[in-house]
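Here the structure is a predicted model, which is why all the values come from computation and not from measurement.
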Amino acid sequence: MLTSLVSVMTLVLLSAPPAPVDPKGPTCRSIDGHVACGYQCKSDGRRVQCAQTPQGTCQVLDGQAVCFDPPPHVIRVYGSALPTPECKAIDGQVACGYQCATQFGKVKCARTPAGACSGRNDEIVCFDPPPEVYAVHGKDTPRAECRSNSAEMACGYNCTSAAGKVACGKTPVGICKSDGLRLTCFDPPAEVLCAYGKSLPPLQCQSSDGQPVCGYGCTKAYAKVACAATPKGLCKVFDTEVHCFDPPSTQDADPACLSLIGLASLEAP
């Protein structure tokens, strides 16, 4: 009796249909000895490419299999609302991401939804907001901009043209100032953004020996000015020189913001 029961169970197991394969799950594919594993794998007949995250995307464009994976901190910020990236091809070159731009046989894309790309002459410049900006603004992270003059081009925030140059801040609260010869931009440190978020006070700027300096609590000693890097920092004059000190901002920073910066740093080369 036991033997016949085991035989019946074995027959049922052998005849059972295979478990369904999740079409969105990871897989492996091979072509001409080349093996690739991941998500949404695509082959162009010569090689196989796979995305490395479920949020990644692959396609065959201009005869080339290409894949794109958004950075981990962007995936965490947007979740299921992550905008769909695009791919563009020109003259045999293919690129994927966001806000893609083409220029004279070249193509480049930003890696994040609020990034920006622009081309002039034979150059394409792309910019992506740093992870602390996404940590503070989330899905409402302001879109970066690009600006150019007859000789230069730059992308970022609050872009400024002066002294024949173009420069942009790396954050929405960044600021660019010119002394007539140079154009310099100032941005608060990442941990300061994590500590103050959207309530971060605007930067103060003064001239020091004819050159702009920006920060907080700016203090002057004769022709020289120095500024603290944080709103809680202080600057004092001793022996005709300005000395500044900044308390550690990480103690007041939002742990989730610091975590997002840490997540992004894991991807850095």
Side-chain angles (χ1 to χ4, degrees), residues 13-120 122-135 138-139 141 143-144 146 155 259-269:
L13 291 174
L14 292 176
S15 61
V21 177
D22 182 2
K24 295 184 179 180
T27 185
C28 292
R29 291 184 61 179
S30 172
I31 183 171
D32 294 336
H34 172 73
V35 179
C37 298
Y39 300 86
Q40 300 189 34
C41 300
K42 300 289 184 182
S43 171
D44 56 19
R46 301 184 305 274
R47 58 179 182 170
V48 178
Q49 296 279 19
C50 302
Q52 298 304 296
T53 64
Q55 296 81 6
T57 183
C58 296
Q59 61 178 280
V60 177
L61 191 63
D62 199 20
Q64 300 180 57
V66 291
C67 295
F68 171 78
D69 287 284
H73 67 280
V74 170
I75 293 175
R76 180 176 292 185
V77 166
Y78 284 89
S80 61
L82 180 69
T84 302
E86 63 175 339
C87 292
K88 283 190 175 182
I90 183 172
D91 295 343
Q93 291 195 27
V94 180
C96 298
Y98 299 95
Q99 324 305 331
C100 300
T102 59
Q103 187 81 4
F104 294 111
K106 297 180 180 180
V107 57
K108 285 185 178 181
C109 305
R111 300 190 65 235
T112 64
C117 293
S118 184
R120 64 174 296 277
D122 63 345
E123 177 189 19
I124 299 177
V125 174
C126 290
F127 169 83
D128 285 289
E132 59 268 23
V133 174
Y134 279 100
K139 300 173 186 176
T141 295
R143 177 77 57 83
C146 294
C155 299
S259 174
L260 205 68
I261 295 175
L263 181 64
S265 69
L266 294 178
E267 189 192 27

Set out, in order, the CA-CA distance, both residues' side-chain angles and the distance that settles disulfide (SG to SG under 2.5 Å) for C50 and C67, then state yes or no.
CA-CA 6 Å; C50 302; C67 295; over 6 Å; no
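- For P83, the side-chain contact (heavy atoms from CB on, under 4.5 Å) partners two or more places apart in sequence, or in a different chain, are Y78, Y98, P113.
- Each salt bridge (charged side-chain N to carboxylate O under 4.0 Å, His left out) pair with one or both residues in residues 33-50, not counting sequence neighbours, appears once here: D44-R46, D44-R47.
- Nearest approach of D32 to G45, heavy atoms of both residues: OD2-O, 4.3 Å.
- Every residue two or more places apart in sequence or in another chain was checked for a side chain to side chain donor-acceptor pair (under 3.5 Å) with R120, and none qualifies.
- The two residues C146 and A116 come nearest to each other via the heavy atoms SG-CB, 3.9 Å.
- The side chain to side chain donor-acceptor pair (under 3.5 Å) check on T27 picks up nothing, with sequence neighbours excluded.
- Taken together, the cysteine pair C28 and C37 places its SG atoms within less than 2.5 Å of each other.
- Nearest heavy atom pair, residue A95 against residue C100, reads O-SG, 4.5 Å.
- A donor-acceptor pair under 3.5 Å links the side-chain atoms of K106 to the main chain of D122, judged by distance alone.
- Remark: T102 engages no residue in a side chain to side chain donor-acceptor pair (under 3.5 Å) (not counting sequence neighbours).
- Distance alone, capped at 3.5 Å, is enough to place a donor-acceptor pair between the Q40 side chain and the G56 backbone.
- Shortest non-hydrogen contact noted between Q103 and E123 is CG-O, 4.1 Å.
- When every heavy atom of C41 is checked against every heavy atom of A36, the shortest pair comes out as SG-O, 4.4 Å.
- From F127, atom CZ reaches atom SG of C155 across 8.5 Å, with rounding to the nearest 0.5 Å.
- No option in T57, L82, T112, V77 other than L82 meets the side-chain contact (heavy atoms from CB on, under 4.5 Å) test with P70.
- Across A89 and D62, no two heavy atoms sit closer than the pair CB-CB, 3.8 Å.
- For residues 79-88, no residue pair satisfies the side-chain hydrogen bond (donor to acceptor under 3.5 Å, both in side chains) rule, not counting sequence neighbours.
- Looking at residues two or more places apart in sequence or on another chain, you find a side-chain contact (heavy atoms from CB on, under 4.5 Å) between Q59 and L61, V66, C87.
- Here E132 pairs with nothing under the side chain to side chain donor-acceptor pair (under 3.5 Å) rule; sequence neighbours left out.
- Take C126 and apply the side-chain contact (heavy atoms from CB on, under 4.5 Å) test, not counting sequence neighbours, and it matches K108, C117, I124.
- Separating the CD atom in Q49 from the NE2 atom in H34 is a distance of 6.0 Å, to the nearest 0.5 Å.
- For S43, the side-chain contact (heavy atoms from CB on, under 4.5 Å) partners at least two apart in sequence or on another chain are R29, I31, V48.
- A side-chain donor-acceptor contact under 3.5 Å links D69 to the backbone of Q52.
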